[in-house]
Structures are given as C-alpha cells and as structure tokens.
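Here is the naming used below: chain letters follow the sequence lines, and residue numbers restart at 1 for every chain.
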There are 2 protein chains.
Amino acid sequence: MNAQPSRVAVLAHDLFPGRAKTATGVIRYADYDVAAVLDRANPGTRVSDHISIPDDRDAPVVESMADALELGDVDALVVGIAPIGGGFDESWRDDVEYALREGIDVIAGLHYFLGEDEDFSSLAEEHGATIHDVRKPHPDLTVAEGRASEVDADVVLTVGTDCSVGKMTVSLELTRAAQERGVDAAFIPTGQTGIMIAGWGNPIDRVVSDFTAGAVEEMILEKGDDHDVLFVEGQGSIIHPAYSAVTCGILHGSMPDAMVLCHVAGRDAIHGYEDTAIPSPETYVDLYEDLAAPVHPGEVVAGAVNTSAIDADEEARATLDEFGSSIGGPAADPIRFDADEVLDALLGDRGR
Amino acid sequence: MNAQPSRVAVLAHDLFPGRAKTATGVIRYADYDVAAVLDRANPGTRVSDHISIPDDRDAPVVESMADALELGDVDALVVGIAPIGGGFDESWRDDVEYALREGIDVIAGLHYFLGEDEDFSSLAEEHGATIHDVRKPHPDLTVAEGRASEVDADVVLTVGTDCSVGKMTVSLELTRAAQERGVDAAFIPTGQTGIMIAGWGNPIDRVVSDFTAGAVEEMILEKGDDHDVLFVEGQGSIIHPAYSAVTCGILHGSMPDAMVLCHVAGRDAIHGYEDTAIPSPETYVDLYEDLAAPVHPGEVVAGAVNTSAIDADEEARATLDEFGSSIGGPAADPIRFDADEVLDALLGDRGR
C-alpha cells in the first residue's frame with residue numbers, strides 16, 4: 001500500500017462497531033474520507049448512531065457496495081473487519097467483486113490475501129483495479145541489527161496489559177496531540193489497521209518470527225532521523241499466551257526510550273484466555289522495563305486506560321488516578337478526556 | 001521430513017567443524033549413520049581429527065559427493081551448514097545436483113528452500129529423489145490456545161544467555177541420560193538441526209510471528225501424553241536484540257515446569273551484538289521466571305555451561321560451581337563431564 005486513497009467505503013457487515021476495530025480506526029484516524037460504511041445489519045443509520053465521532057467524520061451506513069456508490073464515487077473499498085484467524089468471509093465476496101468490477105481498489109488486512117484469490121485477481125486485472133493486502137510483509141525483511149537506538153528521534157512505545165486495549169488509538173492520539181503542540185511527531189504502524197490509516201508499515205504479526213524485531217527496526221531507521229518523536233504502535237502483551245513473541249520482538253526491535261502502559265478498565269483476565277489473570281500494573285512495569293534494559297533501557301513513563309465501561313466521569317478519573325499511582329506516572333483516557341499530562345511526561349521540555 | 005534416512009553424507013564445506021553446527025549435531029546425535037562429511041578444505045582427514053566423538057560415530061572427510069559415494073551407498077545428503085541469513089552458497093550446487101542425479105534425497109534446513117529451486121526440483125522429479133526443506137513450516141499452524149500445561153508430561157525447557165550456547169545439545173544429552181535411567185523422556189525439536197536429528201518438528205524461527213507459541217504448543221500437545229518428561233529445545237535468548245521474539249514464544253507456548261539456563265564460559269556480550277552485554281546469571285533467572293509466571297509458573301532449576309574454552313578440568317569445575325551458585329542449583333557441562341546432578345534436580349524422585 002504505497003498510494004493513499006482519497007475517499008473510501010468501509011466493509012463492516014454484522015460486526016460494526018464493537019468487533020470492527022479496523023473500521024472504527026479508519027473512520028476515526030485516516031487522512032482520507034469515509035463515504036459510507038457497509039453493514040447489512042444497520043442500513044439507514046449513521047456512524048454517529050453507533051460510536052462517538054466528530055461531525056466531520058460521520059458517514060451513512062448502507063447495505064452494499066452498490067448502495068455506497070449511489071451516494072457518490074469512491075476510489076477504494078476497505079475491508080474493515082479482522083476476524084480471529086484473519087479469514088475471509090464468503091458473504092463479503094459480492095461487495096468486493098462489485099468494487100473490482102467498477103475499477104475500485106480494494107484494501108484488506110486479512111491473513112487471507114485477496115490478491116491470491118483467482119477470482120479477485122482476474123477481476124482486478126480486467127478492470128484496472130489494485131488489491132492492497134496490507135498484511136503481506138515485503139520480501140526483503142531480515143534480522144535486526146540492534147540499531148534502533150541510533151536514530152535522532154525519541155522513541156515512545158505503547159505496551160499493553162492485553163490485546164485490544166487501545167495501543168494503536170493511544171499512539172495515534174499522542175501523535176496528533178504532540179503535533180498540535182508543534183512537535184514533529186510521527187506514528188509508526190505495526191498492524192493492519194495502523195497500516196491502513198498511515199498508508200505504509202510492516203505487519204509485524206505476519207512476518208517470519210526470526211525477523212520480528214528486524215521488521216520494526218527497519219521502520220525506526222527509515223523514519224527516525226526525520227522526526228523528533230516516534231510513537232510506535234505496540235501489539236499484544238508481554239504475558240499473552242499466544243502473541244507475546246510479537247510484543248517482545250517489537251520491544252527489542254524498537255528500543256524505546258519511554259513506554260506507555262495501556263489497559264482497559266475492568267478487564268481482569270487475558271481476553272479469550274481466562275486462565276491467565278491480568279497481574280498488577282506494577283508487575284507489567286517491572287516486566288517491560290526489566291526485559292528492555294539489557295538491550296536498551298526504557299521506562300514506563302505513563303499509562304492509558306480505556307474507561308468506556310465506566311459511566312460516571314468522576315469514577316473514570318478515580319480509575320485513572322489509581323492506575324497512575326500504581327505505575328508511578330500520569331494516566332489518561334485520551335478519547336474520553338485528553339492526553340495532556342501524559343504528553344507532558346513524555347515530551348518533557350520539548351512540548352511545552 | 002517424515003521418513004528418516006538410514007545412512008547419509010553431510011555437506012560442510014570450509015566451515016567444519018567450528019561453524020558447522022548442523023553437521024556436528026547430526027554426527028553426534030542422529031539415529032542414522034554418517035557415511036562421510038563433505039569438506040573440500042580437509043579431504044583425507046576423519047571427523048575424529050576435528051572433534052571429540054565416540055569411535056562408532058567417526059567418519060571420513062571427503063572432497064565431494066562423488067567421493068562420498070565411492071565409499072558406499074547413502075540414501076540422503078544432509079546440508080550441514082546454516083550460515084547467517086540461511087542462504088544457499090552456489091559452491092554447494094554441484095554436490096546437491098550430483099546427489100539428486102543419483103536419486104539420493106537431499107535434506108536441508110536453510111531459509112532458502114531447495115525444493116523451490118527449479119533446477120533442483122526438476123532433477124529430483126526426474127531421478128525419483130525427494131527434497132526435504134525442514135525449515136518450511138507446515139501450512140496449518142495457528143495461534144496458541146494456552147494449553148501446553150494440560151499434558152501429562154513434565155516439560156523442561158532449555159533457555160539461553162545467548163544463541164549458540166548449547167541449548168539443543170543439552171536438551172539431547174538430558175533426554176538420553178534420562179532414558180538411560182529408565183525414564184520415558186522425549187526431545188521436542190524447534191530448530192533445523194534438531195528437526196534433522198529427530199526426523200520431525202516445527203522450525204519455530206521460520207513460522208509467522210503470530211503463530212510462534214502456537215507452533216510449540218502443537219508439538220507439546222502431540223507428544224505430551226505419551227511420555228513422562230519432554231525436553232524442549234530452546235532458541236535464542238530472551239535478551240537477544242534480534243531473536244528474543246522466538247525465545248519468548250517458545251517460553252509461553254511450551255509452558256515449562258522447569259528450565260535449564262545454558263551458557264558458554266567466557267562469553268560476555270551477545271555474539272554479533274557486542275553493545276549488548278551479557279548480564280549476570282541471576283538476572284537471567286529473574287527474567288525467565290518472571291516472564292513465565294503470569295502464563296505458567298516455572299523455575300530455573302539448573303544450569304549448563306559449555307566449558308570447552310577452559311583447558312584445566314579443575315578450572316572448568318570451578319566455573320560450573322560458580323554458575324550453579326549464581327542460579328541456586330547444580331550446573332553441568334554434559335559433554336565434558338556428565339549431567340547427573342542436573343538430572344537429579346530435574347527428575348526428582350522419578351529418576352533415582
């Protein structure tokens with residue numbers, strides 16, 4: 001994915017918004033416009049009926065690609081659902097084929113590569129459309145050289161207590177807030193949604209395991225001398241029974257100077273692995289810092305908690321205070337409130 | 001690689017024995033016979049001129065595949081060199097083609113898959129030979145379910161201060177020593193040499209990073225109810241700037257009950273990453289145990305040190321004692337001395 005589209009439709013059938021992390025991420029953060037969301041379960045509604053979103057990012061929800069095009073042209077269809085296992089649901093095929101037949105590009109982040117589907121690839125060729133499988137690593141990846149710390153930029157990595165705790169969102173919010181303060185900050189995407197939003201990046205969970213750190217390092221070296229701060233999107237959790245390898249590779253490959261520990265209020269076990277209890281925030285701080293130290297010392301400087309499950313603002317603020325006390329730094333919910341204190345802690349004199 | 005050969009030649013040109021880890025591993029541990037080693041730098045010598053080896057595992061060193069076949073039939077050629085990056089050296093091509101033309105199978109563990117080389121694959125087809133690329137993962141791997149601890153066997157994982165510190169050798173020596181005590185022990189291979197020796201296994205450093213833990217778990221679940229103890233071959237080191245992802249995935253995927261910390265006497269920085277100092281043994285014990293604990297608690301019970309760089313036995317024993325004191329358990333060099341104390345500590349009442 002080297003060219004950014006300007007106006008897209010987002011496929012999110014039946015799973016929008018709760019289980020359509022890619023769709024909501026693109027709607028909230030991408031530089032391009034979202035013309036419509038395809039969700040056959042909710043035609044006739046609007047995005048703002050389902051999630052809290054600024055007016056200028058609102059869009060209609062329609063039933064099909066054909067309906068989306070009646071509202072105006074788009075230059076890409078984004079597959080905005082990333083099911084566990086990354087498969088392709090055959091019920092999406094009609095919309096993808098409709099788009100390709102109209103010469104519209106398709107952008108997907110599945111483990112199932114649409115470009116290797118013969119029907120899709122021949123339709124794309126016939127109608128001059130391009131299929132972007134953003135989860136397909138480029139073929140020249142190799143092992144890390146342990147050089148990420150050489151770049152001029154400060155490197156800030158979001159780390160998690162679990163998967164789906166807001167690491168990408170926090171990285172994007174911090175990047176934007178830093179830029180608003182006049183700091184030259186850049187976002188380093190490591191997953192399919194981050195790549196769709198940024199228009200570039202290595203899908204770290206899909207690379208050969210030997211190259212996990214190397215694929216992150218490559219991005220840091222590419223961008224690190226052109227910016228003052230890099231906010232690196234973390235993945236998984238260092239105690240995740242399935243995905244900790246990805247987390248560990250990103251930790252050592254990016255060599256962060258500072259980390260932000262991300263959590264979701266109320267979660268007490270790893271999602272889908274209920275036997276694995278979530279330990280205290282202090283335990284995570286020690287694990288991440290101790291594991292980072294022999295390669296490159298970095299501190300957990302701040303926290304971020306998704307408090308959306310808590311109704312009262314006062315209670316949400318108390319939760320943030322408690323989390324911050326545990327880790328010895330400020331904690332924010334940048335979606336509900338703001339990221340000011342966290343940014344102060346991360347940027348020091350640079351962002352005042 | 002599902003069928004084991006019975007008699008092989010081992011290609012190790014110019015790098016035997018010091019940088020031919022796969023060749024020496026196969027010569028020392030494989031169930032099949034080694035008829036000859038191909039090393040154009042040392043024709044006319046014998047394996048025992050280069051490494052300490054039991055008489056029944058000695059073999060002549062010859063210049064080429066043609067010379068090897070003059071000494072008798074073999075049913076496979078093993079590529080016994082695994083250079084950094086896993087490439088194929090074109091100077092090996094004549095020997096590989098000679099073997100295939102004679103209908104002899106070729107077994108390789110490179111990142112470069114010989115079966116995808118058109119010259120090799122057409123020769124193999126023409127002459128009825130099979131190419132086994134043991135570093136090619138099977139296509140049905142998936143994410144871990146966090147279930148390795150459910151098996152009947154105790155799981156023992158070798159962990160390292162660095163790469164190439166003897167984790168495979170220690171795992172194989174402990175498996176053999178346990179079997180000699182009448183314990184039903186099995187070796188779980190995770191790298192190309194281990195797979196060549198055992199004749200099965202998943203090459204963990206080559207799987208998709210999301211599936212790192214899952215590929216280990218699959219092997220534990222497959223073998224864990226048929227044996228009393230599994231010795232899992234570890235990879236890399238949890239502080240390796242490039243390979244820690246693989247190490248972390250094996251740690252959480254195998255859910256070890258006990259760990260053996262492996263080291264090479266005299267090494268004080270990560271090989272090839274001289275900026276990364278090797279911390280104290282105590283630090284490694286804490287890192288491995290603390291990282292394991294939230295998923296499945298496991299202790300570093302013993303150590304293993306390669307003391308081959310130390311001349312005097314007395315000094316070697318002092319080094320082992322010191323290492324053992326640091327980690328709070330016995331430490332052995334199973335190649336130089338024996339593994340008795342370490343095995344006592346690991347097996348408890350089971351192996352007396």
Leading residue by heavy atom contact count with chain B [cutoff under 4.5 Å; candidates Leu251(A), Ile270(A), Ile278(A), Val207(A)]: Val207(A)
Top of Ala148(B), Gly236(B), Ala242(B) for chain A proximity - count of heavy-atom pairs under 4.5 angstrom: Ala242(B)
Most contacts with chain B, counted as non-hydrogen pairs under 4.5 angstrom, among Gly253(A), Cys248(A), Ala213(A): Cys248(A)
Largest heavy-atom contact set with chain B, pairs under 4.5 Å, which of Pro241(A), Gly214(A), Gly249(A): Pro241(A)
Over all atoms of both residues, closest heavy-atom pair of Phe88(A) and Leu110(A): CD1-CD1, 3.8 Å
Nearest heavy atoms of Ile239(B) and Pro279(B), plus distance in Å: CD1-CD, 3.5 Å
Heavy-atom side-chain proximity of Val155(A) to Val232(A) below 4.5 angstrom: yes
Sequence-distant partners of Ala23(B), side-chain contact (heavy atoms from CB on, under 4.5 Å), two or more places apart: Val10(B), Ala12(B), Phe16(B), Ala20(B)
Verdict with reasoning, Val159(B) to Val260(B), per side chain to side chain contact (heavy atoms under 4.5 Å, CB included): CA-CA 6 Å; Val159(B) 294; Val260(B) 178; over 6 Å; no
Engaged part of Ile238(A) at the chain B interface, taking heavy atoms whose separation is under 4.5 Å: both
Chain A contact via Leu291(B) - side chain, backbone, both or neither, heavy atoms under 4.5 Å: both
Tell me which donor-acceptor pairs, judged by distance alone and kept under 3.5 Å, run between chain B and chain A, one pair per line.
unit_1    : atom_1 : unit_2    : atom_2 : d
Ala144(B) : O      : Tyr273(A) : OH     : 2.6
Ile204(B) : O      : Ser209(A) : OG     : 2.7
Asp205(B) : O      : Ser209(A) : OG     : 3.2
Asp205(B) : O      : Asp210(A) : N      : 3.0
Val207(B) : O      : Ser209(A) : N      : 2.8
Ser209(B) : N      : Val207(A) : O      : 2.8
Ser209(B) : OG     : Ile204(A) : O      : 2.7
Ser209(B) : OG     : Asp205(A) : O      : 3.2
Asp210(B) : N      : Asp205(A) : O      : 3.0
Ser244(B) : OG     : His252(A) : ND1    : 2.7
His252(B) : ND1    : Ser244(A) : OG     : 2.7
Tyr273(B) : OH     : Ala144(A) : O      : 2.6

Heavy-atom pair with the smallest gap, counting every atom of Gly303(B) and Ile327(B): N-CD1, 3.3 Å
Which of Ile250(B), Val143(B), Val216(B) touches chain A most, by non-hydrogen pairs under 4.5 Å: Val143(B)
Pairwise side-chain contact, Ile220(A) with Leu230(A), heavy-atom cut-off 4.5 Å (strictly under): yes
Reported CD1-to-CD1 distance for the pair Ile195(B) and Ile107(B), which is rounded to 0.5 angstrom: 12.0 Å
Ile131(A) CD1 to Leu114(A) CG distance, which is reported to the nearest 0.5 Å: 6.0 Å
